Amino acid sequence: MLTHSQTESPTPGERGRFLWNQKPGDLIELEARAESLSGITLGQLAQDGGYIVPAELRRAKGWVGTLIEKALGASAGSRAIPDFPQLGVELKTLPIDQNGKPLESTFVCSIELSKIADSEWLESRLFGKLSHVLWVPVEGTRSLPVAERRIGTPLFWRPTDEEVDLLRADWEQLCLLIAQGRTGEITGHLGQVLQVRPKAARGSSRRRTSDEEGALYDEQPKGFYLRPRFTHGILQRYFSLSC
DNA sequence: TTGTGATCATCT
DNA sequence: AGATGATCACAA
């Protein structure tokens, strides 16, 4: 996905302006490094690291997120833990339009369909990932060439008590349906701030699970997503306070 | 195969 | 326009 330049511009991690693939030691350092990306374009950042910018994201949907991860030294890989394990921080890029409005929902984590029945909120993947997030807004208007899109001002976010209540209420409602084996009733329409949507390589993907009674059946893999309205609220609150 | 990074494509 | 369901690439 992150294709290296064949022309050997700067060797990644050696000559670039940014500390590619190097773990930040603490929150202050992570913040400083995230802020150093603010205002530059994806093309500039990619060139610094010696990466090729895809002409379009259709076949490179996670390219922006992976680029920012490498630049900031995220180390969790594809494990189901926060991107900066030692700091407990999850990194999320957020595509925004010219008004700072999120263009897409935000994927949070996949759902362990077979284990969801006896899970608890405080131990959940969802709560674990959302307890501390570093949001990095990035211009995402489709008509803007990927290389020209600018990285925005990063912000650290911890959900307020009110936001936790909203998330937890949705999470419990959706988990209950899943635990009862009523996954057929789950659509993206449910949930005020959180929703459950397919998360699979193809629509026909299936994964084995069971309901409270232990009955086995196959269901489409699903994941939790934050609604754009919710993430928009996070950005608005932050930027209204910082002005 | 599952979980990560997400955006695409289409319908209302 | 906004949102839902579908889909793409990669790592372990």
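Sequence lines set the chain letters: A, B, ... in the order given, protein chains first and strands last, and positions in each chain run from 1. All values reported here derive from a predicted model rather than from experimental measurement.
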Heavy atoms of Thr41(A) and Glu148(A) approach each other most closely as CG2-O, 3.8 Å
Testing dG5(B), dA6(B), dC8(B) for proximity to the side chain of Thr66(A), the answer is dG5(B)
Closest to the side chain of Ser110(A), out of dC8(B), dT4(B), dG5(C), is dT4(B)
Exercise. So, Glu163(A) and Trp157(A): side-chain donor and acceptor under 3.5 Å apart, yes or no?
Worked result: yes
Quiz question: by atom type and distance under 3.5 Å, do the side chains of Arg17(A) and Ser36(A) form a donor-acceptor pair?
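Short answer, no.
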Counting the atoms with a prime plus P, OP1 and OP2 as sugar-phosphate, which does [X] contact under 4.0 Å by heavy atoms, base, sugar-phosphate, or nothing?
X: Arg229(A); value: sugar-phosphate
X: Glu56(A); value: nothing
X: Arg142(A); value: base
X: Ser105(A); value: base
X: Lys70(A); value: nothing
X: Gly62(A); value: base

In whole angstrom, what separates [X]'s [atom1] from [N]'s [atom2]?
X: Glu69(A); N: dT4(B); atom1: CD; atom2: C1'; value: 8 Å
X: Leu57(A); N: dT7(B); atom1: CG; atom2: P; value: 7 Å
X: Arg79(A); N: dG5(B); atom1: CZ; atom2: C1'; value: 15 Å
X: Asn99(A); N: dA1(C); atom1: CG; atom2: P; value: 13 Å
X: Lys92(A); N: dG3(B); atom1: NZ; atom2: P; value: 14 Å
X: Leu72(A); N: dT4(B); atom1: CG; atom2: P; value: 19 Å
X: Phe107(A); N: dT7(B); atom1: CZ; atom2: P; value: 13 Å
X: Lys61(A); N: dA6(B); atom1: NZ; atom2: C1'; value: 8 Å

When you measure from the side-chain N and O atoms of [X] to the phosphate of [N], is any distance below 4.0 Å, counting only OP1 and OP2?
X: Arg227(A); N: dT4(C); answer: yes
X: Thr93(A); N: dA6(B); answer: yes
X: Lys199(A); N: dT7(C); answer: no
X: Gln220(A); N: dA6(C); answer: yes
X: Gln195(A); N: dA3(C); answer: no
X: Arg202(A); N: dA6(C); answer: no
X: Arg208(A); N: dT1(B); answer: no

Ala201(A) vs Arg149(A), nearer the 5' end of DNA chain B by closest nucleotide: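 Whichever sits nearer the 5' end wins; that is Ala201(A).
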Of Ile81(A) and Gly140(A), the one whose closest nucleotide on DNA chain B sits nearer the 5' end is Ile81(A)
Axial cation check for Phe84(A) ring with Lys23(A), 6.0 Å and 45° limits =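 So Lys23(A) doesn't make the cation-pi contact.
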The answer to which of Thr187(A) and Arg58(A) contacts DNA chain C further toward the 5' end, by nearest nucleotide, is Thr187(A)
Of Ser78(A) and Arg197(A), the one whose nearest nucleotide on DNA chain C sits closer to the 5' end is Arg197(A)
Q | Short N-O contact, Asp218(A) and Arg208(A), less than 4.0 angstrom | A | yes
- prompt: Got a donor-acceptor pair under 3.5 Å from the side chain of Tyr225(A) to the base of dA3(C)?
  reply: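 No such pair is found, so the answer is no.
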Per the under-4.0 Å heavy-atom filter, residues of residues 123-134 of chain A near DNA chain B come out as Arg125(A), Lys129(A)
Side-chain contact test, heavy atoms from C-beta onward, threshold under 4.5 Å: evaluate it for Glu31(A) versus Glu29(A) and give yes or no. no
Next on the checklist: Are Tyr238(A) and Leu226(A) connected into the same hydrophobic cluster when the rule is that any two of I, L, V, M, F, W, Y join if their side-chain heavy atoms are below 4.5 Å apart?
Outcome noted: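 Yes, same cluster.
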- Evaluate whether atom CD of Gln173(A) has more than 12 neighbouring non-hydrogen atoms of other residues, nucleotides or ligands under 6.0 angstrom away.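 Yes, the 6.0 Å shell around CD holds more than 12 heavy atoms from other groups.
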Partner of Tyr51(A) under ring-ring contact (aromatic ring centres under 6.0 Å, His included), picked from Trp63(A), Phe18(A), Trp20(A), is Trp20(A)
